[in-house]
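Data first, discussion second: the structure below is written as structure tokens.
All values below come from the heavy atoms of this structure, side chains included, with hydrogens, waters and symmetry mates left out.
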Amino acid sequence: VIGHVPGKGKHTGRLGALIVRQADGVEFRIGTGFTDQERTAPPANGQVVTYTHHGVTAMGVPRFASYVRVRSDAGK
């Protein structure tokens, strides 16, 4: 996680999306898959998260990325 995008509409004042960077340097946003609790207290910058996606674009960006969880084994 390298950043946070503020929410709009019903998510005003909470997380709208995470800005993440893959190990290969590709940066993108993950804006779905969060519980209300996770939107209120989102993963911190520097944490490693797991996500699902449906293929990648020609530029290597995951399509329709969806948050799953914070990785507890990262850095071990």
*Compare every heavy atom of Pro62 with every heavy atom of Val56, then report the nearest pair and how far apart it is.*
CG1-CA, 4.0 Å

*Which heavy-atom pair separates Ala44 from Val1 by the least distance, and what is that distance?*
O-CB, 3.6 Å

*Stepwise side-chain contact (heavy atoms from CB on, under 4.5 Å) check, Ile19 with Val5*: CA-CA 7 Å; Ile19 304 171; Val5 177; 3.8 Å; yes

*Once the angle between the rings of Phe34 and Tyr67 is folded into 0 to 90°, is it parallel (under 30°), tilted (30 to 60°) or perpendicular (over 60°)?*
parallel

_Show the nearest heavy-atom pair for residues Val49 and Ile30, with the distance to one decimal._
CG2-CD1, 4.5 Å

*Quick one: does Val70's side chain get under 4.5 Å of Val48's, heavy atoms only?*
no

*What pair of heavy atoms forms the shortest contact from Glu38 to Gly33, and how long is it?*
OE1-O, 4.0 Å

_Residues forming a salt bridge (charged side-chain N to carboxylate O under 4.0 Å, His left out) with Arg69, sequence neighbours excluded_ = none

*Rounded to the nearest 0.5 Å, how far does NE2 of His11 lie from OG1 of Thr40?*
10.0 Å

*Establish whether Tyr51 and Val26 are linked, either directly or via other cluster members, by ILVMFWY side-chain heavy-atom contacts under 4.5 Å.*
yes

*Residue list, side chain to side chain donor-acceptor pair (under 3.5 Å) with Thr12, at least two apart or on another chain*: none

*Under 4.5 Å between side-chain heavy atoms, hopping through other hydrophobics if needed: is there a path connecting Phe28 to Phe64?*
no

*Would a distance-only check, ignoring hydrogens and angles, find a side-chain to backbone donor-acceptor pair under 3.5 Å from His4 to Pro43?*
yes

*What distance separates Arg21 CZ from Glu27 CD, expressed to the nearest 0.5 Å?*
4.5 Å

_Keeping Arg39 on the side-chain end and Gly16 on the backbone end, is there a donor-acceptor pair under 3.5 Å?_
yes

*With Arg29, which residues qualify under side chain to side chain donor-acceptor pair (under 3.5 Å), at least two apart?*
none

